[in-house]
Number of protein chains: 2
Amino acid sequence: MSGTAGAAGEREAAIATIQRELTAFARRSRAAAARMHPELSLVSFTLLAHLEDSGGCRGTDLAAHYLLDKSTVSRQVAALERAGHVERRSDPEDHRMQLLHLTEQGEQVLARAADRRSQAFHARLGDWEPAELERFAAYLTRYNDAAG
Amino acid sequence: MSGTAGAAGEREAAIATIQRELTAFARRSRAAAARMHPELSLVSFTLLAHLEDSGGCRGTDLAAHYLLDKSTVSRQVAALERAGHVERRSDPEDHRMQLLHLTEQGEQVLARAADRRSQAFHARLGDWEPAELERFAAYLTRYNDAAG
DNA sequence: CTTGATAGATGTACTGTACAACTACTTCTT
DNA sequence: AAGAAGTAGTTGTACAGTACATCTATCAAG
């Protein structure tokens, strides 16, 4: 009896820790990104990264992928265009939509920000064993898949 | 040679995955909190939870702990007070500072939000093995400790 | 008693975000 | 072919969260 109660308690405790630590991380992330690469907010970084990964997509795709309102994306993209990081190309087949793609400058800015992010992550994970990294990566992926 | 290159590559890949998944989580967290408990934003929740954990503290302590500007905390606390979730008590020893503590209503609102958060986490982690939960919790704690 | 430190509030400004209403275009239906 | 319905994107408006600079009140140390 006390055995199962103890096991349930450990389970509770582990979940509480996960909740607390993930929340702490979430709280810090924007400010940390702002410190790491002030020229590119976390959201801008994410959108540019998606454009790079996808090789160009529409605003609607960004909105759907990140659960953002299309107006939010519209303004973000407008700002990124103003900054010279993205370009829009009208589709001759369908004049409603515009394909967004990175400019060369956008690629460079993204690369620099990605580099600084990567350095920060490497610094924090530098002394982890390969097997630990693999497991952590797998756990996070599994968690996010369940959340999304 | 190819052996070490492969190991380094796996390491890189794991770190990249961790980076991607943590970023994805951070991006979603605020909106998720807003959906989960609309009456208490992620930040408000965090501040109330800290007041509960600490059993009452000063605005400055909150600012230091969460790396927020004191003006931000001042306004957040003012809003929480307006909502009836916290009360301030002047210290007769030092009239500069005010001890913040939860009201009974604040405790209830916090408890409800915490409950809904907890349910969401349990739902996502329900089918994890105890050993997996322990390791995930330990990894997150280790990561955050390195980041802070 | 002045000087400097500390706690907090306020003025101002900017970012990210949503919702609603609008325009422009495309596709479907009759 | 004409009108209805759907889709992509923009714009008006509003709000939350945040920072920085500045101000007030208080305390502490010389």
Q. To the nearest Å, how far apart are Arg89(B) CZ and dG8(C) P?
A. 13 Å
Q: Apply side chain to side chain contact (heavy atoms under 4.5 Å, CB included) to Arg20(B) and list each qualifying residue two or more places apart in sequence or on a separate chain.
A: Thr17(B)
Q: Could you list the residues that satisfy salt bridge (charged side-chain N to carboxylate O under 4.0 Å, His left out) with Arg89(A), not counting sequence neighbours?
A: none
Q | With sequence neighbours excluded, residues passing side chain to side chain contact (heavy atoms under 4.5 Å, CB included) with Gln119(B) | A | Asp115(B)
Q) Atom CZ of Arg82(A) and atom P of dC14(C): how far apart are they, to the nearest Å? A) 13 Å
Q: Figure out the CZ/C1' separation between Arg35(A) and dT18(D), and round it to whole Å.
A: 13 Å
Pull out every protein N or O sitting under 3.5 Å from an N or O of nucleotides 27-30 of chain D, one pair per line with the distance.
residue	atom	partner	partner atom	Å
dC27(D)	OP1	His95(B)	N	2.8

**Q.** Nearest-Å distance for atom pair OH/P, residues Tyr66(B) and dT18(D)
**A.** 12 Å
Q: Would you kindly give the CZ-to-P distance between Arg58(B) and dT26(D), to the nearest whole Å?
A: 17 Å
Q | With sequence neighbours excluded, residues passing side chain to side chain contact (heavy atoms under 4.5 Å, CB included) with His65(B) | A | His50(B)
Q. Atom CD of Glu39(B) and atom C1' of dC15(D): how far apart are they, to the nearest Å?
A. 17 Å
Q: State whether Thr60(A) places a side-chain N or O below 4.0 Å from either non-bridging phosphate oxygen (OP1 or OP2) of dT7(D).
A: no
**Q.** Distance, nearest 0.5 Å, that separates CD1 of Ile18(A) from OH of Tyr139(A)
**A.** 9.5 Å
Q: Calculate the interatomic distance between Leu62(B) atom CG and dA9(C) atom P; express it in whole Å.
A: 12 Å
Q | Partners passing ring pair (Phe, Tyr, Trp, His ring centres under 6.0 Å) against His101(A) (at least two apart in sequence or in another chain) | A | none
Please list every donor-acceptor pair under 3.5 Å in which a side-chain atom of residues 69-77 of chain B meets a protein atom from a residue at least two apart or in another chain.
residue	atom	partner	partner atom	Å
Asp69(B)	OD2	Ser71(B)	N	2.9
Asp69(B)	OD2	Ser71(B)	OG	2.6

Residues 24-34 of chain A side chain polar contacts: donor-acceptor under 3.5 Å, at least two apart:
residue	atom	partner	partner atom	Å
Ser29(A)	OG	Ala26(A)	O	2.8

Q. How does protein contact run along nucleotides 16-21 of chain C, one letter per nucleotide 5' to 3', with B for base contact, S for sugar-phosphate only, - for none, heavy atoms under 4.0 Å?
A. SBBBB-
